[in-house]
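As the structure lists them, so they are numbered: ligands from 1, and atoms in each ligand from 1.
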Amino acid sequence: MKLVHVSDLHLLPEGGELWGIDPFARLDACLKDIARFHSDAGFVVISGDLTEKGEIQAYQRLKALLSEFPIETHVMLGNHDDRAHFQSVFPGVPKDGRGFVQSSTTRGGSRFLFLDTLKGPPSSAGLYCDDRKAWLKAELAAAGDLPTYLFMHHPPFGIAHGLMDLIMLEDGEDFLALLRGHPVRHIFFGHAHRPISGQIRGISFSAPPSLVHQLPLVSGSVPTIYSDEPAMYAVVHASTDQIVVHMDAFLNRRPAQMGPDDDRGPWF
Ligand SMILES: [Fe+2]
């Protein structure tokens, strides 16, 4: 099973730049690259912060781009999103029966769950309330022994980053307790605007950078809050006994300083 993980688009309601970057142009380039090189992916997931400020027009621009994209795409909410505005533009995106944008799918004998961790302004943190927990409990029970993969905008644990750890999922410990005893193999998240991987209590996790501005690993290493570092998307291969997550800096992919016919020589 191959899938592609994209996160943090921060689309604007009309053309223009956010911190010196055109988010729409970034997403357009990203989708074209994925369509060109990963058309065999089972699906693409965009794990929240679809927009910068949740405007209806920004969701309409996203919808227009996705209408021309040939691969099934699951769109999720982050703290920069507006649930009502999103749903007005994407009425067909499945909900969990309680008004949250949560859904699941089965592919290749595995369960993939798409969670809604949006708390709402003025907080940038994430929230997983009792209604959402009830849905997750039922989904995990229904999945039984099937390998299960979670997608969520906010990480339910600290990531050793002072700024991000202030706005992680608020009830992280309670959330992780829900997973105990279930075959959850990996947690994919966004929000961090950094490429991250690791493991918590036996569950591996990964996050790609944003498609736009990034958050420097060390605050103060650049004189601004955000930084200009490579955008990436993640290509994920999940099989019975292995998960591989590649991060591809698709805008920084250029030929090496060598001729196309230069002989690389033996592979050692
Ligand atoms: Fe973001």
Side-chain angles (χ1 to χ4, degrees), residues 4-13 16-31 44-55 57-59 61-62 65-66 73-83 85-86 89-90 101 114-128 150-170 172 187-197 205-219 222 224-234 247 249-251:
V4 179
H5 180 196
V6 180
S7 202
D8 294 82
L9 315 179
H10 291 262
L11 291 173
L12 302 173
E17 295 184 342
L18 175 66
W19 316 125
I21 294 169
D22 180 343
F24 189 84
R26 282 283 172 98
L27 177 60
D28 188 35
C30 177
L31 294 178
V44 174
V45 187
I46 306 178
S47 61
D49 282 2
L50 306 172
T51 66
E52 171 66 3
K53 291 187 176 172
E55 303 95 335
Q57 297 91 331
Y59 291 116
R61 298 180 83 210
L62 172 61
L65 266 188
L66 290 178
T73 302
H74 297 263
V75 285
M76 300 169 54
L77 300 180
N79 50 293
H80 279 258
D81 289 304
D82 182 299
R83 193 177 288 110
H85 287 174
F86 169 81
V89 177
F90 290 91
V101 182
F114 309 102
L115 279 55
D116 178 343
T117 61
L118 171 57
K119 179 181 181 184
S123 176
S124 297
L127 181 69
Y128 211 66
L150 305 187
F151 288 87
M152 54 202 298
H153 183 73
H154 294 82
F157 40 76
I159 54 171
H161 190 288
L163 282 179
M164 283 321 284
D165 290 351
L166 296 173
I167 53 172
M168 56 178 268
L169 192 74
E170 278 188 356
I187 298 174
F188 298 93
F189 60 92
H191 192 47
H193 290 227
R194 296 208 55 76
I196 296 169
S197 61
F205 60 77
S206 60
S210 161
L211 284 195
V212 286
H213 53 281
Q214 313 299 350
L215 195 61
L217 176 59
V218 178
S219 296
V222 291
T224 47
I225 294 173
Y226 297 127
S227 54
D228 182 9
E229 299 178 56
M232 303 181 198
Y233 61 77
M247 300 283 178
F250 62 101
L251 295 175

query: Taking the Fe ion (ligand 1) as the vertex, what is the angle from OD2 of D49 to OD2 of D8, given to 10 degrees?
result: 90°

- prompt: Are side-chain N/O atoms of D82 and Y59 paired as donor and acceptor at under 3.5 Å?
  reply: no

- prompt: Hey, is CD1 on I225 packed in by over 12 heavy atoms from elsewhere, all under 6.0 Å?
  reply: no

message: Would you say the Fe ion (ligand 1) has H80 as a near neighbour, meaning an N/O/S atom of that residue under 2.8 Å away?
response: no

N, O or S from H10 under 2.8 Å to the Fe ion (ligand 1): yes

- prompt: What are the two closest non-hydrogen atoms of H154 and T117, and how far apart are they?
  reply: ND1-OG1, 2.7 Å

message: Can you give me the closest heavy-atom contact between Y233 and C30, atom names plus distance?
response: CD2-SG, 3.7 Å

